[in-house]
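To start, the structure itself, in structure tokens.
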Amino acid sequence: MPPRTAALGGRLPERLVRHLITPLLRAAAPLTSPLTPDDYLGLLDPLLDARHPAGRVTALRAETDDATTLLIRPGRGWAGHRAGQYLPVGAQLDGSWHWRTYSLTSPPERRDGLLTITVKAVPGGRVSPYLAHRVRPGTVLRLGPAQGEFTLPPAPRPRMLMITAGSGLTPVMGLLRTLLDRGDACGHPDVVLLHSAPDAAASIFRTELRLARERLAWLRYHEHHTRATGRRLAPGDFERLCPDWRERETWACGPASLLDAIEEHWGRAGLTDRLHVERFRLTPLAPAAATAVGGPVRFTRSGVETTTDGSEPLLEAGERAGVAMPYGCRRGICFGCLAPLTYGRIRDLRTGDIHDEPGRLLQTCVTAAVGPTALDL
Ligand SMILES: Cc1cc2nc3c(=O)[nH]c(=O)nc-3n(C[C@H](O)[C@H](O)[C@H](O)COP(=O)(O)OP(=O)(O)OC[C@H]3O[C@@H](n4cnc5c(N)ncnc54)[C@H](O)[C@@H]3O)c2cc1C
């Protein structure tokens with residue numbers, strides 16, 4: 001079968017896109033300035049726009065009462081992912097785009113070219129109840145670049161331990177499905193998966209994992225139910241259920257309390273370098289300083305102005321105002337959202353530091369305006 005690309009919804013062979021369509025678009029650029037050919041293609045179908053990658057929901061699969069898997073056909077701009085990574089997903093709700101981060105549960109090279117994410121509805125949440133309960137096939141979501149280091153090492157590890165709780169199983173499912181896909185020819189590592197959920201009905205991917213456990217000699221899968229046992233998964237359980245945990249490279253994802261306990265346990269054993277941890281809750285941003293009054297923010301090249309409070313990141317303010325903002329991880333890590341400050345003062349929402357040097361490159365996802373501000377965008 002010829003190699004296929006995510007481009008144009010996975011329908012065109014990669015060589016056609018690389019050798020014909022991409023050069024044609026490049027040649028057409030002077031004719032469409034100041035817009036780009038991609039902007040026009042995006043009007044025809046958002047999946048054709050390589051500048052603002054998007055994907056179309058093709059199907060939905062209920063995993064539990066409050067968690068749903070979304071199967072997504074990525075468009076032209078999707079650059080692929082490594083197993084275990086996450087991506088920013090944009091959903092349009094009430095006229096504006098809201099972004100949240102979700103782990104990819106699909107292996108990088110699914111035969112049908114689809115991506116999957118599994119979303120658990122957080123009660124009172126803005127985006128997750130929509131994605132878990134209300135999104136419909138055909139909906140277009142925006143996709144940020146895949147990122148994160150909760151991935152498989154280049155050299156296979158002979159023994160692996162995975163400890164997860166609740167929706168923390170999602171990135172590990174991406175890893176496991178990738179190991180499964182690699183086939184017996186490569187030899188499989190010996191994998192122990194300890195997963196915690198309130199009960200069997202709330203345990204995502206349960207049927208798939210139980211079937212895999214029956215079929216595969218290399219996978220041991222243990223479910224811990226907090227309702228029945230009256231307690232959470234704890235270090236004593238790792239010792240009991242996986243006595244050779246010290247010899248295994250470990251991947252852990254779940255609530256902060258579980259991850260803190262794991263980090264402490266591995267730290268005491270001097271094994272931190274064999275532990276990979278993924279956290280879904282980020283360190284809270286610094287509270288707004290008394291001087292942080294926000295203000296009018298002008299995006300000079302776009303000719304757009306909006307007003308922000310002292311806590312809204314400039315990235316979100318720009319998107320709310322309809323500016324095509326560059327973005328990446330949306331959490332201050334990847335520097336994909338850099339924009340030069342033209343004038344004004346901004347506050348780093350992580351540290352509270354104030355900056356006012358014109359020309360300074362700002363991480364717009366973690367900075368907010370302190371008074372009138374202008375960005376060269
Ligand atoms: C690297 C990474 C990977 C992630 N992968 C997944 C995934 O695969 N599946 C998945 O379902 N979620 C995942 N998340 C969490 C996801 O990004 C959202 O935070 C979550 O869906 C809630 O969004 P919301 O808009 O519904 O809630 P918001 O409207 O943002 O928040 C509403 C309320 O819920 C609280 N809240 C927000 N997030 C969480 C959370 N994760 N747990 C408990 N309370 C929360 C907030 O403090 C607030 O009180 C991941 C997060 C990160 C950082």
Side-chain angles (χ1 to χ4, degrees), residues 55 57 60-72 81-94 96-107 115-135 141-151 162 164-178 195-198 202-205 226 232 251-260 276-285 287 311-313 315-316 319-320 327-334 336 349-350 365-366:
V57 177
L60 302 161
R61 194 170 56 223
E63 299 291 350
T64 63
D65 281 353
D66 61 1
T68 302
T69 292
L70 285 72
L71 289 90
I72 301 169
H81 76 282
R82 283 184 288 142
Q85 287 193 307
Y86 55 83
L87 84 167
V89 174
Q92 199 169 25
L93 294 169
D94 304 325
S96 45
W97 289 95
H98 297 265
W99 290 86
R100 297 293 183 273
T101 308
Y102 292 100
S103 301
L104 286 144
T105 48
S106 45
L115 310 175
T116 60
I117 56 170
T118 301
V119 180
K120 181 175 185 299
V122 170
R126 185 87 184 83
V127 176
S128 60
Y130 165 72
L131 293 177
H133 297 309
R134 301 198 303 277
V135 76
L141 302 172
R142 282 175 64 182
L143 310 177
Q147 52 217 280
E149 296 307 320
F150 191 77
T151 50
M162 298 175 173
T164 60
S167 54
L169 181 51
T170 52
V172 161
M173 206 58 194
L175 298 178
L176 280 176
R177 286 175 173 155
T178 304
H195 177 60
S196 173
S203 194
I204 54 173
F205 311 126
T226 51
R232 295 180 179 172
W251 282 256
C253 182
S257 55
L258 174 68
L259 299 180
D260 292 347
H276 309 257
V277 167
E278 183 81 308
R279 288 178 186 267
F280 283 2
R281 300 299 302 277
L282 307 176
T283 317
L285 298 176
S311 61
E312 184 181 32
L315 173 58
E316 286 176 23
E319 285 176 338
R320 185 170 46 72
Y327 63 84
C329 67
R330 312 182 79 88
R331 54 196 294 222
I333 296 172
C334 77
L349 290 164
R350 298 161 300 183
C365 69
V366 288

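Both ligands and their constituent atoms are indexed starting at 1 by order of listing. In this chain, residues are counted from 1 in sequence order.
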**OP:** Check whether NZ of the Lys or CZ of the Arg R100 lies under 6.0 Å from the centre of the six-membered ring of Y130 and within 45 degrees of that ring's axis.
**Re:** no
Subject >> Per-atom contacts, ligand 1 versus T118 - under 4.0 Å to a heavy atom >> reply: 7 (C), 8 (O), 9 (N), 10 (C), 11 (O)
Original post:
Considering the options L70, V135, V89, T69, which one meets the side-chain contact (heavy atoms from CB on, under 4.5 Å) requirement together with V119?
Top reply: L70
Subject >> Check: R331 N/O within less than 3.5 Å of ligand 1 N/O >> reply: no
Original post:
Any N/O of T170 closer than 3.5 Å to an N/O of ligand 1?
Top reply: yes
Original post:
Which bit of F280 is near ligand 1, meaning a heavy atom under 4.0 Å away: side chain, backbone, both or neither?
Top reply: both
**OP:** For the pair H276 and F150, name the ring-plane relationship: parallel under 30°, tilted 30 to 60°, perpendicular over 60°.
**Re:** perpendicular
**OP:** Say whether R100, considering both its backbone and side-chain N or O atoms, lies within less than 3.5 Å of an N or O atom on ligand 1.
**Re:** yes
Subject >> N-O pairing of E319 and R142 below 4.0 Å >> reply: no
Original post:
Between T170 and T105, do the side chains contain an N or O donor and an N or O acceptor separated by less than 3.5 Å?
Top reply: no
**OP:** Return yes or no for this condition: an N or O of R279 is under 3.5 Å from an N or O of ligand 1.
**Re:** no
**OP:** Could you list which atoms of ligand 1 come closer than 4.0 Å to a heavy atom of R126?
**Re:** 24 (P), 25 (O), 26 (O), 27 (O), 28 (P), 29 (O)
Subject >> Heavy-atom nearest option to atom 17 (O) of ligand 1, drawn from L169, L131, D66, T101 >> reply: T101
Original post:
ligand 1 and S167, any nitrogen or oxygen pair closer than 3.5 angstrom?
Top reply: no
Subject >> Check: S257/R232 side-chain N/O donor and acceptor closer than 3.5 Å >> reply: yes
**OP:** Under 4.0 Å from a heavy atom of V119: give me the atoms of ligand 1 that qualify, with their elements.
**Re:** 11 (O)
**OP:** Would you indicate whether D65, at its atom CG, is surrounded by more than 12 heavy atoms from other residues, nucleotides or ligands within a distance under 6.0 Å?
**Re:** no
Original post:
Any cation-pi pair here, R330 with Y327, using under 6.0 Å and within 45°?
Top reply: yes
Original post:
Who's closest to atom 33 (C) of ligand 1 heavy-atom-wise, of V127, T105, V122?
Top reply: V122
Original post:
Looking only at heavy atoms, which two atoms of P107 and H81 are closest? And how far apart?
Top reply: O-CE1, 3.7 Å
Subject >> Contact atoms of ligand 1, heavy-atom distance to P129 under 4.0 Å >> reply: 26 (O)
**OP:** Please could you name the atoms of ligand 1 that Y86 approaches to less than 4.0 Å, counting only its heavy atoms?
**Re:** 1 (C)
